[in-house]
Undergrad: 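The structure's right below; bear with me while I get my questions together.
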Protein chains: 2
Amino acid sequence: MTSPMHHDGFCCAAHSGSDSMAAILETAETRARMQGARLTPVRRRTLEILLHAHGALGAYEVLEKLAAEGYGTQPPVAYRALNFLVEHGLAHRIRRLNAFTACAQPDHDHRAAFLICEKCNSVTEADADLLSRALDQAAQAAGFQLDRATIEAVGQCRACQDAPE
Amino acid sequence: MTSPMHHDGFCCAAHSGSDSMAAILETAETRARMQGARLTPVRRRTLEILLHAHGALGAYEVLEKLAAEGYGTQPPVAYRALNFLVEHGLAHRIRRLNAFTACAQPDHDHRAAFLICEKCNSVTEADADLLSRALDQAAQAAGFQLDRATIEAVGQCRACQDAPE
DNA sequence: ACTGACATGTTATATAATAACATCAAAGGC
DNA sequence: GCCTTTGATGTTATTATATAACATGTCAGT
Ligand SMILES: [Zn+2]
Ligand SMILES: [Zn+2]
Ligand SMILES: [Zn+2]
Ligand SMILES: [Zn+2]
């Protein structure tokens with residue numbers, strides 16, 4: 001057990017945001033349905049694993065957990081579930097980390113930016129609305145037809161700045 | 001020979017921008033010096049290879065070329081040269097592509113954004129000043145101390161939009 | 001010439017991702 | 001209810017990307 005002290009599916013403050021984990025899963029279920037897709041057990045469990053994780057998780061970390069619970073033991077099992085979640089807006093891929101994280105606002109389409117702390121490896125999904133607009137402009141200026149974008153910031157989170165040393 | 005028709009080190013319009021390749025190499029040389037680093041033969045050649053490439057190049061593609069010219073044949077040779085160039089502002093790493101590209105404005109420090117065409121795989125370095133400011137704001141709002149960022153847009157370049165189908 | 005710092009090269013290994021195929025389960029037509 | 005079609009799950013095997021650890025070589029300063 002990696003996170004010993006949790007109740008109701010939560011383990012820390014970071015996981016007690018506006019949406020509860022149950023609510024997110026509910027949303028996920030609905031959202032997948034609407035897109036004509038099924039949130040099958042592996043997929044759902046993969047999402048839970050991401051939701052429960054502190055930072056982002058690598059595919060092989062996810063695979064380990066899935067395997068330990070009786071799901072498949074080979075890489076494609078994890079990659080397929082993760083790709084499904086990403087494609088359906090339920091998770092994001094963090095390219096700089098070769099890792100995945102559950103989407104914090106799965107209820108609506110959005111372009112996300114990520115704040116990656118170099119000290120504690122936390123990954124925070126930030127509102128990228130302003131950013132997105134600036135990016136649209138930059139793209140337009142270059143005559144580029146923008147489809148989607150990756151925005152990943154690296155630095156130090158508030159907690160780590162406050163922490164001594 | 002990959003690019004049969006080139007003169008003066010150039011092979012196409014995309015390579016005939018404001019800075020000539022020779023000028024960029026000159027700048028690179030100077031810039032490295034100023035940072036107390038040496039633009040050695042492998043490093044310089046690696047930069048030339050990137051400058052000469054159309055899209056971004058993977059480390060192993062670069063390695064192939066280096067090896068063919070009598071440099072080392074093993075991955076660290078390419079990775080070291082590429083990392084050197086990135087660390088000294090002479091190249092950028094494109095995470096989405098697991099690839100590298102020569103910096104288009106090596107004469108000054110900047111945060112870059114990249115426009116990646118899904119059709120022709122071209123990679124264009126865009127001005128990210130506006131973007132950078134928006135990102136700073138977003139980070140600040142989250143109490144995040146921003147160090148550096150990756151901004152990569154995916155879509156269709158102008159040429160590919162105009163091209164029929 | 002000697003020394004210390006850095007550069008280059010190697011072998012070996014770690015890490016991340018996909019291809020190709022067999023089997024199984026759900027959804028829909030009849 | 002059966003059959004067919006599609007999609008999901010699992011496997012083995014392979015490919016792709018990146019780094020660790022170490023030996024050798026180069027060069028500037030003394
Ligand atoms: Zn999200
Ligand atoms: Zn932190
Ligand atoms: Zn640049
Ligand atoms: Zn294009």
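Heavy-atom basis, side chains included; hydrogens, waters and symmetry copies ignored. Throughout, protein chains are lettered first and strands after them, A, B, ... in sequence-line order, and every chain is numbered starting at 1.
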Undergrad: Between B:R43 and C:dT8, is there a contact of a side-chain N or O with OP1 or OP2 at under 4.0 Å?
TA: yes
Undergrad: Are B:K65 and B:E61 ion-paired here, with the side-chain N under 4.0 Å from a carboxylate O?
TA: no
Undergrad: Ignoring hydrogens and geometry, is there a side-chain-to-backbone donor-acceptor pair from A:H88 to A:V86 under 3.5 Å?
TA: no
Undergrad: Can you check nucleotides 23-28 of chain C for protein contacts, nitrogen or oxygen pairs under 3.5 Å, and list what you find?
TA:
none

Undergrad: Quick one: does any side-chain atom of A:Q161 pair with a main-chain N or O of B:G143 as donor and acceptor, under 3.5 Å?
TA: yes
Undergrad: Does the ring of B:F100 carry B:R93 above it, NZ/CZ under 6.0 angstrom from centre and within 45° of its axis?
TA: no
Undergrad: The side chain of B:R80 lies closest to which of these nucleotides: D:dA21, D:dT12, D:dG10?
TA: D:dA21
Undergrad: Are the charged groups of A:R31 and A:D109 less than 4.0 angstrom apart, N to O?
TA: yes
Undergrad: Could a donor-acceptor pair under 3.5 angstrom be found where the side chain of B:Y60 meets the base of D:dA18?
TA: yes
Undergrad: Hey, does the side chain of A:H110 reach the backbone of A:H108 with a donor-acceptor pair shorter than 3.5 angstrom?
TA: yes
Undergrad: Could you tell me, to 10°, how much the axis swings from one end of the helix from C:dA1-D:dT30 to C:dC30-D:dG1 to the other, five pairs per end?
TA: 30°
Undergrad: What is the distance from CG of B:L39 to P of C:dA7, rounded to the nearest Å?
TA: 11 Å
Undergrad: How long is the gap from OG1 on B:T73 to CG on B:L66, to the nearest 0.5 Å?
TA: 10.5 Å
Undergrad: Atom CG of A:L57 to atom C1' of C:dT15: distance rounded to whole Å?
TA: 16 Å
Undergrad: Give the residues of residues 81-98 of chain B touching DNA chain C, defined as any heavy atom closer than 4.0 Å, sorted by residue number.
TA: none
Undergrad: Would you compute the distance between atom CG of A:L131 and atom CD1 of A:I151 and round it to the nearest 0.5 angstrom?
TA: 4.0 Å
Undergrad: Send over the distance from A:E64 CD to C:dA16 P, rounded to a whole Å.
TA: 11 Å
Undergrad: Out of D:dG10, C:dT10, C:dA7, which has the shortest distance to the side chain of B:P76?
TA: C:dT10
Undergrad: Mind calculating the distance between CZ (A:F100) and P (C:dT15) to the nearest angstrom?
TA: 17 Å
Undergrad: So, the side chain of A:E152 versus the backbone of A:R95: is there a donor-acceptor pair under 3.5 Å, distance only?
TA: yes
Undergrad: Honestly curious: do B:V154 and A:I94 fall in one hydrophobic cluster under the side-chain, below-4.5 Å linking rule?
TA: no
Undergrad: Are the side chains of A:P75 and A:L63 in touch, meaning some heavy atoms are under 4.5 Å apart?
TA: yes
Undergrad: Taking atom C1' of D:dT17 as reference, at what distance in whole Å does atom OH of A:Y79 sit?
TA: 11 Å
Undergrad: Could you pick out which residue, B:T73 or B:A37, lies toward the 5' side of DNA chain C when each is mapped onto its nearest nucleotide?
TA: B:A37
Undergrad: Expressed in angstrom and rounded to an integer, what is the separation of A:L63 atom CG from C:dA16 atom P?
TA: 12 Å
Undergrad: If you measure from CD on A:Q156 to CG on B:D147, what distance do you get to the nearest 0.5 Å?
TA: 9.0 Å
Undergrad: Rounded to whole angstrom units, what separation is found between the CG atom of B:L66 and the C1' atom of C:dT8?
TA: 12 Å
Undergrad: Taking the side chain of B:P75 as its heavy atoms from C-beta onward, which of D:dG10, D:dT19, C:dT11 lies nearest to it?
TA: D:dT19
Undergrad: Distance check needed: D:dG10 P versus A:Y71 OH, whole Å only.
TA: 8 Å
